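First comes the structure, then the notes that go with it.
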Amino acid sequence: MDGDDHEKEKEVYPHLQQDVDVAELPSPNTAAHLSWWKRFLGSGGEQRETHRAMQSRHLMMIAIGGTIGTGIFLSVGSSIAVAGPAGALLSYGVVGLIVYSVVIILGEMAAFIPVSGAFSTFGARFVSPALGFTLAGWLYWLGCELTAAAVILQYWTPTLRPWAWSLIIVIPIFLLQLIHVRMYGESEYWFAMIKVLMIIVFIIAGLLYDWGAVKHHPGPGLSNFHNGQALVGGISAFTQTLVFAFYSFGGVELVALAAGESAKPHISVPKAIKATFWRITVFYILTVLTIGLCINYQDPTLLRAASDSSVAASPLTVIFARAGFGAAAHVINAVLLTAVLSATNSCFYASSRMLLSLARAGQAPRIFGWVNGNGVPVMSLAASLVVSFITFLTTIWGEGVVFTWLLNLTGISSVLIWGSIGIISIRFRRAYRAQGRAIDDLPYTQPLYPLLPVAVTVLTVVIFIAEGYAAVDHHPFQPQTVVAAYIGVALYVILYLGYAIYERFGLGKKTHFVPLAEVDLDTHAVWGKGEGVRIREAEALEKREEMARLSLVRRVIRRIT
């Protein structure tokens with residue numbers, strides 16, 4: 001972006017801070033005498049904002065494939081083994097509906113107020129500081145797939161210890177994100193592209209194999225859905241599969257987080273939201289359906305996948321191998337590696353931005369609010385690196401134990417976040433109305449309000465009850481199963497009540513919930529009250545001028561040729 005375009009964008013979007021305040025930066029002469037470390041960090045880092053450097057294509061691909069992690073490659077088979085193909089399909093469909101609703105209601109707020117903290121910032125602004133504190137890094141940080149990375153990469157060589165594989169993955173991703181936010185967007189774009197292409201190829205190949213289109217490899221057709229094999233295990237088994245679905249879908253909120261560093265979020269966020277529907281339909285529902293058609297729920301490979309998450313038992317690998325593609329295991333493993341890299345990349349990005357949000361809100365040490373001249377929260381990113389070393393615990397307790405506990409914690413944490421987003425959305429709309437603002441002035445509005453946020457909140461409560469029932473009904477009864485099911489809930493309650501008590505007695509605040517009239521709807525908003533019409537007209541005029549220029553160029557080319 002050149003100087004003229006930059007000034008023009010600042011004029012059109014006065015409320016959307018695009019860059020660092022020049023007054024906060026040292027002069028060129030002063031900077032020349034600073035040490036390398038000080039030049040790297042820069043002065044004024046506690047006030048500096050992250051850069052809006054991600055383009056629409058980055059946000060679109062993050063929405064389409066950015067959260068396709070190891071869950072869809074490893075956990076789908078476990079769901080089918082537990083509840084049958086129809087049960088797994090139903091669980092992923094239910095969770096998919098919840099996820100899409102969450103993306104829509106979160107997108108309404110993120111398109112209007114694009115901030116790196118996203119739902120944690122919204123929770124603190126629209127509900128209470130305690131909710132923002134709970135939803136931010138202290139809860140969100142704990143979802144990490146590096147343990148799965150160790151399991152996956154040991155397929156090629158088991159000689160290295162799991163913590164060594166984790167280190168090999170963590171350090172390059174950490175250094176990559178230190179460079180610039182655009183590096184996250186660009187790397188995630190290509191990681192997601194590889195995963196998306198692989199899923200498409202798998203669905204096509206799997207369906208062709210199931211229909212008997214591969215010579216010498218007769219497919220099962222619809223046999224896996226006959227003779228009572230479609231649904232097995234009843235309600236208890238179905239609820240057990242939900243945690244696998246939560247784990248697979250976890251991280252869908254990245255679209256809102258990335259909106260805080262995108263160039264034109266009020267345009268790119270609605271586009272990304274629309275893409276999410278197709279991602280859920282094609283990449284999750286059709287993948288579960290394809291696996292259910294091709295592999296029987298009693299197949300030992302599915303049961304082995306449920307017990308040890310071995311890549312050799314990945315449903316995708318099994319189907320490719322049975323269709324006659326001998327090198328499928330290595331191809332799938334390579335794609336799983338990109339999924340792990342992508343998940344780690346997103347984990348670092350999300351957790352560092354969450355910690356930055358906490359620090360800026362005064363809920364974490366101020367040093368974590370430091371942003372360098374490239375718009376990177378260096379200290380928050382370093383803290384995320386330290387937390388990621390939890391994967392080293394695999395050498396103490398074993399990969400399977402740590403992976404299972406992190407899977408449960410990640411899945412339940414996702415549900416807690418999604419349910420909280422429903423409450424936040426209701427408070428946002430109430431505050432918006434209470435302050436006399438027109439709904440039409442929002443860049444993007446959710447349909448069917450208040451049905452979606454109410455439905456999301458109610459469904460998450462029902463799911464928690466169902467998870468508890470499944471844990472208690474598990475045969476044989478195991479106390480650790482109940483603990484694993486509710487460990488995320490316990491952490492949520494402890495964090496919320498702990499901060500609420502600190503706020504009341506430590507800070508002396510008597511009002512817990514933010515009054516509707518005092519809700520901040522202006523800071524970091526894409527436009528001020530009533531400015532939406534003017535900006536939309538300016539954008540429409542700019543688009544017409546661009547189309548006119550393109551039309552003129554085409555006419556000139558036609559005359560020349």
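Residues take their numbers from the sequence shown, with the count starting at 1. Small disclaimer: the values here were computed from a predicted structure and weren't measured.
If you take CG on Leu90 and CG on Leu231, they are separated by 7.0 Å, rounding to the nearest 0.5 Å. We find the CD1-CE distance between Ile421 and Met109 to be 6.5 Å, quoted to the nearest 0.5 Å. With rounding to the nearest 0.5 Å, the separation of CD1 in Ile113 from OG1 in Thr523 is 8.0 Å. The CG atom of Leu497 sits 10.0 Å away from the OH atom of Tyr492 when rounded to the nearest 0.5 Å. Of the inter-residue distances, the one linking Leu459 atom CG with Ile98 atom CD1 reads 4.5 Å to the nearest 0.5 angstrom. The line from CG of Leu131 to CG of Leu495 is 11.0 Å long, rounded to the nearest 0.5 Å.
For His524 and Phe122, the gap between ring centers reaches or exceeds 6.0 Å.
Proximity of a side-chain donor or acceptor of Glu108 to a complementary backbone N or O of Pro443 within less than 3.5 Å is not detected. Thr460 places a side-chain N or O within donor-acceptor distance of the main-chain N or O of Thr457, the cut-off being under 3.5 Å. Between the side chain of Ser380 and the main chain of Phe368, a donor-acceptor pair closer than 3.5 Å is present.
Contacts of Arg427 classified as side chain to side chain donor-acceptor pair (under 3.5 Å), with partners at least two apart in sequence or in another chain: none. Residues forming a ring-ring contact (aromatic ring centres under 6.0 Å, His included) with Phe238 (at least two apart in sequence, or on another chain): none.
Taking all atoms of both residues into account, the shortest heavy-atom contact from Ala124 to Val514 is O-CG2, 3.7 Å. Scanning both residues, Ile80 and Ala88, for their nearest heavy atoms gives CG1-CB, 3.7 Å. Nearest heavy atom pair, residue Ile105 against residue Pro453, reads CG2-CD, 4.0 Å. Ala130 approaches Tyr499 most closely through the heavy-atom pair CA-CD2, 3.5 Å. Minimum heavy-atom separation, Ala359 to Pro365: CB-O, 3.5 Å. What you find for Gln435 and Val519 is that their closest heavy atoms are NE2-O, 2.8 Å.
Residues Ser79 and Thr241 have side chains that never bring a donor and an acceptor to within less than 3.5 angstrom of each other. In this structure, a donor-acceptor pair under 3.5 Å is absent between the side chains of Tyr92 and Thr287. Gln446 and Ser425 form a side-chain donor-acceptor contact under 3.5 Å, judged by distance and modelled atom types alone.
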query = Can you list the steps and then say if Leu416 with Phe464 is a side-chain contact (heavy atoms from CB on, under 4.5 Å)?
reply = CA-CA 9 Å; Leu416 288 166; Phe464 280 129; 3.3 Å; yes
task = Would you sort out whether Arg125 and Leu521 count as a side-chain contact (heavy atoms from CB on, under 4.5 Å), showing the intermediate values?
result = CA-CA 8 Å; Arg125 279 199 198 183; Leu521 297 174; over 6 Å; no
message = Ile104 vs Tyr444, test: side-chain contact (heavy atoms from CB on, under 4.5 Å). Steps then yes/no.
response = CA-CA 9 Å; Ile104 288 175; Tyr444 173 77; 3.7 Å; yes
request  = Run the numbers on Tyr432 and Asp441 for side-chain contact (heavy atoms from CB on, under 4.5 Å), then give the verdict.
outcome  = CA-CA 10 Å; Tyr432 200 84; Asp441 201 37; 3.6 Å; yes
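Arg504 CZ: more than 12 foreign heavy atoms inside a 6.0 Å radius. Heavy-atom contacts from other residues, nucleotides or ligands closer than 6.0 Å to CG of Leu451 number more than 12.
The side-chain heavy atoms of Leu286 and Leu289, taken from C-beta on, include a pair separated by under 4.5 Å. Taking the side chain as every heavy atom from C-beta outward, Tyr496 and Ser128 approach each other to under 4.5 Å. Counting heavy atoms from C-beta on, the side chains of Arg429 and Ile439 come closer than 4.5 Å. Using a 4.5 Å heavy-atom cutoff, the side chains of Val526 and Pro114 are in contact. The shortest distance between side-chain heavy atoms of Ile291 and Val288 does not fall below 4.5 Å. Contact check for Glu503 versus Pro129: side-chain heavy atoms found under the 4.5 Å cut-off.
Classification of the Phe126-Phe428 ring pair by plane angle, with boundaries at 30° and 60°, yields tilted.
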